[in-house]
Amino acid sequence: MTILTQTCTPFEGQKPGTSGLRKKTRVYMQPGYVECFVQSIFNAIGGVAGKTLVIGGDGRYFNAEAIQTILRMASANGAALAIVGQGGLLSTPAASNLIRQRGADGGLILSASHNPGGIDEDFGLKYNISNGGPAPEAITDAIFEQTKTISSYKTLDTADIDLGQIGTVSLGDMAVEIVDPVEDYAALMEELFDFGALRALFASGFTMKFDAMHAVTGPYAKAILEDTLGAPEGTVLNGVPSVDFGKGHPDPNPIWAKPLVDMVMSDDGPDFAAASDGDGDRNMILGKGVYVTPSDSLAVLAANAHLAPGYERGIAGVARSMPTSGACDRVAEALAVECFETPTGWKFFGNLLDAGRVTLCGEESAGTGSDHVREKDGLWAVLLWLNILAVRKMSVKDILQDHWQTYGRNYYSRHDYEAVDSAAANGLMADLTAKLDDLAGQTFGACTVTMADSFSYHDSVDGSVSHNQGLRINFEGGGRAVLRLSGTGTEGATLRVYLERYEVPEGDLNIETQTALKDIAEATALISGLTERTGRTAPNVMT
Ligand code: G16
């Protein structure tokens, strides 16, 4: 086996976004594309000689080929050990857990998360650091710098290895340990949750459906829910991972998981339902007749986490991304714990988790997690909900009503305008930024602006500052709109408009969400010139 040093020329645009480098699959399939990006990662982190890396992905189209490329390169660059999920599969939270459990130096996760998979769809790759979390901005910036000047990469002159059998094999001087992707993760869940209570819950006739959306969580959910906790076979739907996610869009929201939503809204629907995304880090929570917004889910979990064994001592604090609703802030206030507002992107939670400042984190984009790993974790959120349901013996709907009657309700919705012309979207954001300072005091439709700014984050742990993390417009009465451009899309620009309004516990807690937010949506459209600039009269997706 020979180590080869191949010359290469940089590819344009290998700039990691909100979560790694996401591109069309065919872009990734260009000869040398994966190699240039992976060598740039290795260069940016001071090489991988003697290091241990965890490598795995969500099983989407090109996962298998890219893993072989990365393994050859890791070996040629001197890595000592690669820990790989059997078949190349690892959910993102399971990869984070393996990095931590095995004391690895880092990991490479192959996923474009909730984006569809296939040769004409999306692919992605990201680097996670030794705490198990996504690389912070200082590292992703260094990777991007490397991609601009990369001139050679190292690889091995050897055939693919078989990742189908558990065990250890050699690849050049590097050992490749192929592990069961589920085992360690399932053991961690058993430490955190009362599996006895969950078994009793299912034995009592409690009904649940979990939609794995043909993605990586299927084997995890089957092993834990059906095989371990005794949920009946068939509880897990679409549980076999496929390279194109059954030609679906593995994004657990009311649009893409509509069949599941329809099921829980019907008279004979299950007591509880949930879905997760392509790589298993997102979740959607539903109860009979009710959809729980991710922001509300985070707040309910924060208020009730102490009911699960892993959190019985209470939570140290809670963090949410800035566009996420303020529902969890009210819980933090009641619990007298710290609450942090970070930019969008799980990487911003890492320092707070490492410093022990927060125990739970969450985002409006269907992500919730805790200090058990350094990624958001879909199945973890489902199990915490189940643990709470088992202890409180109430329906999801009643828990939500009780929560709003205690803390009030943050009506909340995100409107996505997808594949907008990039120049139009950038122009909208630039012009809005320019007039932010003049907005306070002006009235648009039924709403008067009280404050408008561009969000900057000051990391209280490492002192770093991140600017331009979304435009905030606050209205009289406590309403709010946030506008930002997505950092995970692969086609044109995706404009996200986040709308929120608070209602006190004594107020009307059961208004239809879009009706409750209508005035704020209209004011935001007037302020930003949304319709004229994007040519859109309605969003593609409302969550
Ligand atoms: C990623 C990030 C999340 C972020 C989400 C949406 O999630 O890890 O922190 O909230 O993207 O980001 P954006 O609004 O920039 O598209 P995932 O599940 O796609 O990895």
Side-chain angles (χ1 to χ4, degrees), residues 15-23 57-58 60 91-93 95-96 109-117 121-128 132-137 140 213 215-217 245 249-253 256 275-284 293-295 298 319-325 341-350 352-353 361-369 373-381 414-420 425 429 455 457 466 468-471 482-498 539-541 543:
K15 181 173 172 42
T18 309
S19 183
L21 182 67
R22 295 200 186 154
K23 295 284 175 191
D58 63 13
R60 67 180 58 224
S91 77
T92 293
S96 181
I109 301 177
L110 298 88
S111 170
S113 192
H114 56 288
N115 299 15
E121 299 295 351
D122 295 347
F123 193 78
L125 178 58
K126 71 171 174 174
Y127 176 69
N128 280 31
E137 269 189 342
T140 54
M213 303 189 87
V216 78
T217 325
F245 308 117
H249 199 129
D251 193 356
N253 66 37
W256 298 114
S276 68
D277 69 333
D279 61 334
D281 56 1
R282 295 187 175 203
N283 73 89
M284 174 173 70
T293 67
S295 297
L298 172 64
R320 63 166 172 85
S321 66
M322 183 274 282
T324 302
S325 96
E341 189 178 42
T342 61
T344 295
W346 205 261
K347 58 191 171 201
F348 292 102
F349 294 135
L352 295 168
L353 290 163
C361 316
E363 295 186 281
E364 50 65 40
S365 57
T368 346
V373 289
R374 292 295 181 273
E375 288 278 4
K376 54 191 186 274
D377 189 343
L379 206 43
W380 167 90
R414 187 180 90 190
H415 292 186
D416 289 341
Y417 298 82
E418 294 173 346
V420 174
M429 293 297 283
F455 178 59
Y457 177 60
S466 305
N468 303 320
Q469 298 296 329
L471 306 182
V482 173
L483 291 91
R484 60 179 283 280
L485 297 180
S486 160
T488 57
T490 57
E491 208 180 325
T494 295
L495 175 66
R496 302 205 195 281
V497 181
Y498 311 80
N540 302 77
V541 176
T543 56

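These numbers come from the heavy atoms of this one structure, side chains and all, not from hydrogens, waters or symmetry mates. Whatever order the structure lists ligands and atoms in, that order sets their numbers, starting from 1. The residues of the chain are indexed from 1 along the displayed sequence.
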Does a side chain donor of either [X] or [Y] reach within less than 3.5 Å of an acceptor in the other side chain?
{"X": "Asp277", "Y": "Ser113", "answer": "yes"}
{"X": "Thr488", "Y": "Asn115", "answer": "no"}
{"X": "Ser486", "Y": "Arg496", "answer": "yes"}

(request) Say whether, by atom type as modelled, one donor and one acceptor occur between the side chain of Arg60 and the main chain of Pro116 under 3.5 angstrom. (result)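 Checking the backbone N and O of Pro116 against the side chain of Arg60, a donor-acceptor pair under 3.5 Å is found.
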What atoms in ligand 1 come closer than 4.0 Å to a heavy atom of [X]?
{"X": "Gly487", "answer": "13 (P), 15 (O), 16 (O)"}
{"X": "Ser19", "answer": "1 (C), 2 (C), 8 (O), 20 (O)"}
{"X": "Gly345", "answer": "9 (O)"}

To the nearest 0.1 Å, how far is [atom] from its closest protein heavy atom, and which atom is that?
{"atom": "atom 9 (O) of ligand 1", "value": "Glu363 OE1, 2.5 Å"}
{"atom": "atom 10 (O) of ligand 1", "value": "Ser365 OG, 2.7 Å"}
{"atom": "atom 17 (P) of ligand 1", "value": "Ser113 OG, 3.1 Å"}
{"atom": "atom 11 (O) of ligand 1", "value": "Thr488 CG2, 3.3 Å"}
{"atom": "atom 6 (C) of ligand 1", "value": "Arg282 NH2, 3.8 Å"}

(message) Could you measure the distance from the OG atom of Ser276 to the CG atom of Asn283? Nearest 0.5 Å is fine.
(response)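 It comes to 8.0 Å.
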(request) Can you measure from NZ (Lys376) to CZ (Phe349) and round to the nearest 0.5 angstrom? (result)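 Rounded to the nearest 0.5 Å, the NZ-CZ separation comes to 9.0 Å.
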(message) Can you check which of His114, Arg22, Glu375 brings a heavy atom nearest to atom 20 (O) of ligand 1?
(response)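 Among His114, Arg22, Glu375, the closest heavy atom to atom 20 (O) of ligand 1 comes from Arg22.
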(message) If the contact criterion is a heavy-atom separation under 4.0 Å, does Lys376 count as touching ligand 1?
(response)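 In this structure, Lys376 qualifies as a contact of ligand 1 - some heavy atom is under 4.0 Å.
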(message) Less than 4.0 Å is my threshold; does some heavy atom of Ser321 fall inside it relative to ligand 1?
(response)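 Outside the 4.0 Å threshold, so no.
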Is ligand 1 under 4.0 Å from a heavy atom in the side chain of [X], in the backbone, in both, or in neither?
{"X": "Arg484", "value": "side chain"}
{"X": "Asp279", "value": "neither"}
{"X": "Thr18", "value": "side chain"}

(message) If I compare all heavy atoms of Thr543 with all of Val541, which pair ends up nearest, and what's the gap?
(response)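 Looking at all heavy atoms of both residues, the shortest contact is CG2-CG1, 3.8 Å.
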(message) Looking at every heavy atom in both Ser365 and Arg414, which two are closest together, and how far apart are they?
(response)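 So the two residues come closest at CB-NH1, 3.7 Å.
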(request) Look at the rings of Tyr457 and Phe348 and say which category their plane angle falls in: under 30° parallel, 30 to 60° tilted, over 60° perpendicular. (result)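 Rings of Tyr457 and Phe348: perpendicular, over 60°.
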(request) Flag Arg496 as yes when one of its N or O atoms lies below 3.5 Å from any N or O atom of ligand 1, and as no otherwise. (result)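 So ligand 1 has an N or O lying under 3.5 Å from an N or O of Arg496.
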(request) Return yes or no for this condition: an N or O of Leu485 is under 3.5 Å from an N or O of ligand 1. (result)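 No, no N or O pair falls under 3.5 Å.
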(request) Mark yes when over 12 heavy atoms from residues, nucleotides or ligands other than Trp346 sit less than 6.0 Å from its CH2; otherwise mark no. (result)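 Check passes, neighbour count above 12.
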